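In this text, all values refer to a predicted model and were calculated from it rather than measured experimentally.
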Amino acid sequence: MTVSSAKASAAGRAWMRRVAFTVDFDYNVHPLNAPRYGKDVDWALTRRYLKEVRPGLVLIQSLGYFGWSCYPSRIAPTPPGFKSRYVETFRELCDDLGIRMGFLLESFQTVRDGARPWSKSERARWFVHRPEDAEPSMVFCPNSPFAEEYLIPYALECIERYRPAAFWFDHSRTLPCRCDYCKSRYRERYGEALRRPRNANERTRLEMFADASFVAATVRVGRALHERDPNLVVCWPNAIDTHTFRPVFEGADWISADEINSPDLRVAQYEGAYKSVLGAPAHVWVPDLERFKYPRQRPPELLRAEAATLLAHGLGMSMYHIPDPLGYSGLDDFASGRVASEFIRARAGFCLGNVPVPHVAIVASRAQNLRIAGRFQPFLSEAWRMHTLLSQNHVPCEVVNDDNLLTRLGEYDLVVLGEVRLLAPATARGLERFVRSGGRLLMIGPAPVVAEPDAVTPASARLFRLGSTTGDRIMRHLCDDGRVAHVGRLVRPRRRGDVLWRRNEMNGRAAEPLLMRIKIGAGTVHWLLAEAVTEYGGAPFDSLSNDLVPTKETADDVLARMNFGKTGVEKVGVVTGAPAADDLLSINYEDKPVRGADERATPHPHLRRLVGAAVREALGSHWLIRSETPVGVEFVVNRRGDDLYVHLVNHTCGGPADMSSICPGDGPVPLDVTFELRWGKKARSVKALPDHDPIAVKPMPWGYRVTFPRLQYHAAVRFAGAGQGI
């Protein structure tokens with residue numbers, strides 16, 4: 001069940017809200033290194049490292065990813081020949097340094113390579129049963145007694161021996177299961193037998209059942225551990241994230257996940273925008289060594305840029321080390337930890353604990369997410385791309401799941417449905433009340449279907465009953481400056497409204513409606529009549545069809561697809577992937593790809609400015625930030641007590657030659673950044689943080705105009721007293 005932020009952070013666990021920087025050592029015991037596990041640790045070097053970076057928490061392995069314990073345990077076996085005192089020594093080191101220590105534990109999923117030999121009875125009793133799998137599952141069933149018989153006893157033993165401050169339960173995910181435990185629970189819940197799904201609704205119901213079963217199991221674990229140690233902080237890293245859109249549930253005290261294993265600042269922005277509103281302290285892991293691109297230390301420019309966007313959203317950073325299991329520390333070059341910790345310490349005091357100021361909400365529909373088979377990877381691309389587009393247009397925005405949307409709904413200036421295809425009825429009712437009472441909504445693509453995720457039919461209603469048909473071909477729009485936006489398939493609404501924009505043909509002639517405004521009650525719905533977000537990112541389509549096999553669908557039934565795979569859009573040549581701000585999408589209009597000399601006649605996509613203009617149109621006079629700064633600067637607005645903060649994050653401060661492919665911008669940003677803040681409350685004073693050269697502040701009728709000189713990675717402007725009463 002969901003809980004308030006106050007419940008999720010009990011008084012004894014409030015220390016985690018003040019932790020800006022953690023260090024995680026992902027050593028892992030394996031039969032091949034068990035006799036020498038931790039043997040080569042340089043403890044003097046480790047001590048020096050921890051004293052220098054001063055983390056608020058250190059995590060080490062306890063129950064490894066192969067199912068072996070990293071210390072002699074009564075519950076879990078250690079590999080043959082194991083004789084390490086690594087855990088004990090690390091506990092002593094942390095005690096001596098006055099640093100909190102916690103454990104990384106494998107939870108509901110194990111791995112095959114080097115795994116402990118699970119017995120036949122353990123497999124039958126604990127593991128997920130999937131008859132269609134060729135190999136036995138390595139995932140534990142949440143409805144089985146696995147938690148009570150194995151996971152909880154092991155964690156309680158850790159508490160008894162080592163007094164950890166936190167548990168970080170890795171592999172915290174599960175799969176639909178058809179074991180006897182699940183069959184019994186399924187019948188109790190739905191009043192029918194659990195069977196192999198025959199259509200998409202039944203498959204979704206099985207996903208929903210597995211999802212609810214998993215959350216219930218984690219709640220049982222959390223209750224048992226908090227009963228033993230009320231001050232213990234518990235984290236389920238893959239359970240509350242941008243892959244699932246779950247709300248915070250009981251027993252989840254901390255939100256922390258290893259999401260940024262490759263340098264992509266758009267992911268850091270997206271994670272910050274989502275996690276900042278969940279109501280619990282949050283961190284994102286950043287590896288010290290970039291595994292996929294940089295062979296050694298990550299560039300300091302990238303580390304600062306990642307830390308900057310996380311801090312601006314009020315998140316902390318976890319420095320993730322993957323050393324050799326024998327214990328070689330890999331810390332002989334302290335560059336990563338030193339750069340990150342120094343940067344974070346200078347800013348944590350005015351970043352951690354801030355409360356996001358509601359302005360624009362991007363809806364991340366949990367109902368839609370539950371329709372996606374294997375939804376844990378990748379995260380919902382439409383929400384991510386929508387956030388990228390708005391952030392690059394300097395629109396402070398949040399990415400919110402259904403629960404957070406409904407909690408904060410009355411405070412938003414605008415809600416954006418960026419190609420959302422399915423909304424739960426409760427969410428739809430909240431949005432309809434919001435608009436009818438004077439709210440503003442921007443909808444991109446067809447109006448969402450309104451239905452429970454396991455009850456979608458061709459007769460399901462649409463949001464505001466806004467029916468439409470959808471075109472079959474990808475369309476281009478000639479913008480005012482002569483650039484082209486590939487807007488995707490056009491939506492043809494069945495309801496009248498004010499046409500604000502029309503699509504311009506390549507010869508400049510006005511064509512179909514592209515943006516319309518519909519008055520509903522006291523509010524308005526702005527409708528961008530194109531599948532713009534998926535076309536921006538080259539994301540293929542999926543369907544909400546109720547069938548598991550392909551069927552012939554009418555134009556009205558075809559919705560933007562939610563799975564990856566071979567689809568009609570690939571046949572017309574859209575390049576899939578995640579392009580930077582203005583990358584060219586090669587599109588085949590006449591069975592010939594647009595390449596070479598033809599690219600001169602087909603300029604880069606203009607969707608960033610097109611979507612930004614639609615958002616500004618929908619906001620009208622209710623804008624919060626305006627700036628002519630290039631897209632490489634991100635603006636985040638939040639408050640602390642009575643003070644309002646505007647954070648400026650510059651992602652283009654230099655670095656390696658290929659930094660431009662990492663940053664979302666299209667070139668270095670000038671050092672002086674000017675922005676306008678529309679805000680009705682006057683500030684007692686306006687100051688730059690950390691301490692900086694004086695900034696130029698000019699009061700305006702609508703608020704303030706501020707020029708910030710020599711902006712580097714991150715700074716904030718504090719408007720003292722302006723946040724009072726929010």
- Arg465, CZ: over 12 other non-hydrogen atoms inside 6.0 angstrom: no
- His313 and Glu634 side chains, donor-acceptor separation under 3.5 Å: yes
- Does Thr388 use its side chain to pair, donor to acceptor, with the backbone of Trp384 at less than 3.5 Å? yes
- Ser437 side-chain N/O to Arg433 backbone N/O, donor-acceptor pair under 3.5 Å: yes
- Determine, for Trp702 and Arg626, whether the Lys NZ or Arg CZ falls below 6.0 Å from the six-membered ring centre while staying within 45 degrees of the axis. yes
- Message: Determine whether a donor-acceptor pair (N or O, by modelled atom type, separation under 3.5 Å) exists between the side chain of Arg678 and the backbone of His622.
- Response: yes
- No-hydrogen, no-angle side-chain donor-acceptor test under 3.5 Å, Asn401 and Tyr274: yes
- Query: Between Thr309 (side chain) and Glu306 (backbone), is there a donor-acceptor pair under 3.5 Å?
  - Reply: no
- Query: Any ion pair linking Asp403 and Arg366 (charged N to carboxylate O, less than 4.0 Å)?
  - Reply: no
- Query: Looking only at atom types and distance, does a side-chain atom of Arg495 sit under 3.5 Å from a main-chain N or O of Leu466, one as donor and one as acceptor?
  - Reply: no
- Message: Tell me whether Asp253 contacts the main-chain N or O of Val234 through its side chain, where contact means a donor paired with an acceptor under 3.5 Å.
- Response: yes
- Does the distance from a Lys or Arg side-chain N to an Asp or Glu carboxylate O, for Arg421 and Glu382, drop under 4.0 Å? no
- Task: Please confirm whether the backbone N or O of Gly721 pairs with a side-chain atom of Asp643, one donor and one acceptor, at under 3.5 Å?
- Result: yes
- Just say parallel, tilted or perpendicular for the rings of Phe350 and His647, cut-offs at 30° and 60°. parallel
- Item | Arg203 side-chain N/O to Arg371 backbone N/O, donor-acceptor pair under 3.5 Å | yes
- Message: Going by side chain to side chain donor-acceptor pair (under 3.5 Å), name the pairs with one or both residues in residues 350-360, residues two or more places apart or in two chains.
- Response: Asn354-Asn638, Asn354-Arg640, His359-Asp413
- Message: Over 60° means perpendicular and under 30° means parallel, so tell me whether His283 and Trp254 are parallel, tilted or perpendicular.
- Response: perpendicular
- Could you pull out all residues at least two apart from Asp498 that satisfy salt bridge (Lys or Arg N to Asp or Glu O under 4.0 Å)? Arg517
- Task: Say whether, by atom type as modelled, one donor and one acceptor occur between the side chain of Asn393 and the main chain of Ala613 under 3.5 angstrom.
- Result: no
